[in-house]
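Note that these values count all heavy atoms, side chains included, but never hydrogens, waters or copies made by symmetry. All values derive from a computational prediction rather than experimental measurement.
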Amino acid sequence: MKRLFLIVSIALLGVVGAFGQEKMGGKGPTDADKTAAFDKDGKIKRGAELGDSEMVSLNDVFSDPAKFEGKTVRVDGFVVRSCTKEGCWAEIGAEKDSKQTVRVTMKDHGFFIPLSSAGFKVSTEGMFEVATLSAEKVKHLIEDDGAKFDKINEDGTVTEVSFVASGIVLTKE
């Protein structure tokens with residue numbers, strides 16, 4: 001009886017653990033997620049298909065971020081830098097060498113871009129957010145992922161304009 005209870009308990013923990021992971025954004029990236037595999041049209045598509053939402057320029061967003069916060073929009077640009085561990089974020093700018101960028105995260109950590117995405121042309125759809133990142137998150141992004149921030153507050157936090165992507169399309173320039 002104890003053996004049956006143990007087996008059922010382990011199975012139940014596995015199901016609960018899988019459900020919990022799904023609620024937190026699904027599984028981590030696979031090796032295929034981390035590499036650049038272009039389709040026959042020369043594109044890498046991740047997440048949801050891009051829709052027909054309003055196209056906005058990054059320069060307009062930088063001049064008045066609050067105007068675009070919480071609205072589903074499309075943005076084009078270039079990947080200036082990206083996460084080199086999982087492909088879970090990218091910094092995009094209007095040009096390949098842009099100094100002013102916006103951090104793009106993948107909605108619910110549910111999809112990933114190739115680790116070598118820097119320099120790719122990008123089209124993405126999602127929502128802008130203005131948020132303050134904790135000092136711990138800032139430290140993680142800098143030390144583990146190579147992120148750069150224009151201004152770090154005295155307490156180590158950063159207030160940034162970010163973009164939560166529901167879908168993303170990368171094109172080799």
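- Taken to the nearest 0.5 Å, the NZ atom of Lys148 stands 11.5 Å off from the CZ atom of Arg103.
- The side-chain heavy atoms of His140 and Val138, taken from C-beta on, include no pair separated by under 4.5 Å.
- Between Glu95 and Val80, the closest heavy-atom pair is O-CG2, 3.8 Å.
- The two residues Phe149 and Val158 make their nearest non-hydrogen contact at CD2-CG1, 3.6 Å.
- Put simply, Ile113 and Val164 are part of two different groups of oily side chains (I, L, V, M, F, W, Y) that touch within less than 4.5 Å, one to the next.
- With a 4.5 Å cut-off on side-chain heavy atoms, Arg46 and Pro114 count as touching.
- Under a hydrophobic-cluster definition in which Ile, Leu, Val, Met, Phe, Trp and Tyr are linked whenever side-chain heavy atoms come within less than 4.5 Å, directly or via other members, Leu115 and Phe38 are assigned to different clusters.
- With sequence neighbours left out, the side-chain contact (heavy atoms from CB on, under 4.5 Å) criterion links Val130 to Pro65, Glu69, Thr159, Val161.
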Query - Stepwise side-chain contact (heavy atoms from CB on, under 4.5 Å) test for Phe68 and Phe163 - result: CA-CA 10 Å; Phe68 300 99; Phe163 188 80; over 6 Å; no

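- Of the inter-residue distances, the one linking Glu54 atom CD with Thr72 atom OG1 reads 10.5 Å to the nearest 0.5 angstrom.
- Here the closest non-hydrogen pair linking Val169 and Lys43 is CG1-CD, 3.7 Å.
- Without hydrogens or angle criteria, Glu125 side chain to Gly51 main chain gives a donor-acceptor distance under 3.5 Å.
- Linking Ile, Leu, Val, Met, Phe, Trp and Tyr whenever their side-chain heavy atoms come within less than 4.5 Å puts Ile168 and Val73 in one cluster.
- Residues Asp76 and Ser123 approach most closely at OD1-OG, 2.7 Å, considering heavy atoms.
- Within a 6.0 Å radius of NZ in Lys34, other residues, nucleotides and ligands contribute more than 12 heavy atoms.
- Judged by distance alone, the side chain of Ser117 and the main-chain N or O of Ala90 form no donor-acceptor pair under 3.5 Å.
- Note that the CG atom of Leu170 and the CD1 atom of Ile44 stand 5.5 Å from one another [nearest 0.5 Å].
- Among residues two or more places apart in sequence or in another chain, the side-chain contact (heavy atoms from CB on, under 4.5 Å) test is passed with Lys67 by Asp64.
- Note on Leu58: it clusters hydrophobically with Val79, by side-chain heavy-atom contacts below 4.5 Å among ILVMFWY residues.
- Defined by atom type and a distance below 3.5 Å, a donor-acceptor pair is present between the side-chain atoms of Thr30 and Asp33.
- Formation of a donor-acceptor pair under 3.5 Å by the Asp39 side chain with backbone atoms of Gly42 is found in this model.
- Rounding to the nearest 0.5 Å gives a distance of 9.0 Å between OG1 of Thr171 and NZ of Lys45.
- The structure places CD of Gln100 at 12.0 Å from CD1 of Ile92, a figure rounded to the nearest 0.5 Å.
- The shortest non-hydrogen separation linking Thr105 to Trp89 is CG2-CB, 4.3 Å.
- Ala118 approaches Ser82 most closely through the heavy-atom pair N-OG, 4.2 Å.
- Here the CZ atom belonging to Phe128 is positioned 7.5 Å from the CZ atom belonging to Phe62, to the nearest 0.5 angstrom.
- Here the side chain of Arg74 pairs no donor or acceptor atom with the backbone of Asp52 at under 3.5 angstrom.
- Criterion: ILVMFWY side-chain heavy atoms under 4.5 Å apart, direct or through other members. Under it, Phe120 and Phe78 are not part of a common hydrophobic cluster.
- In this model, a donor atom of one side chain and an acceptor atom of the other lie less than 3.5 Å apart for Thr157 and Asp155.
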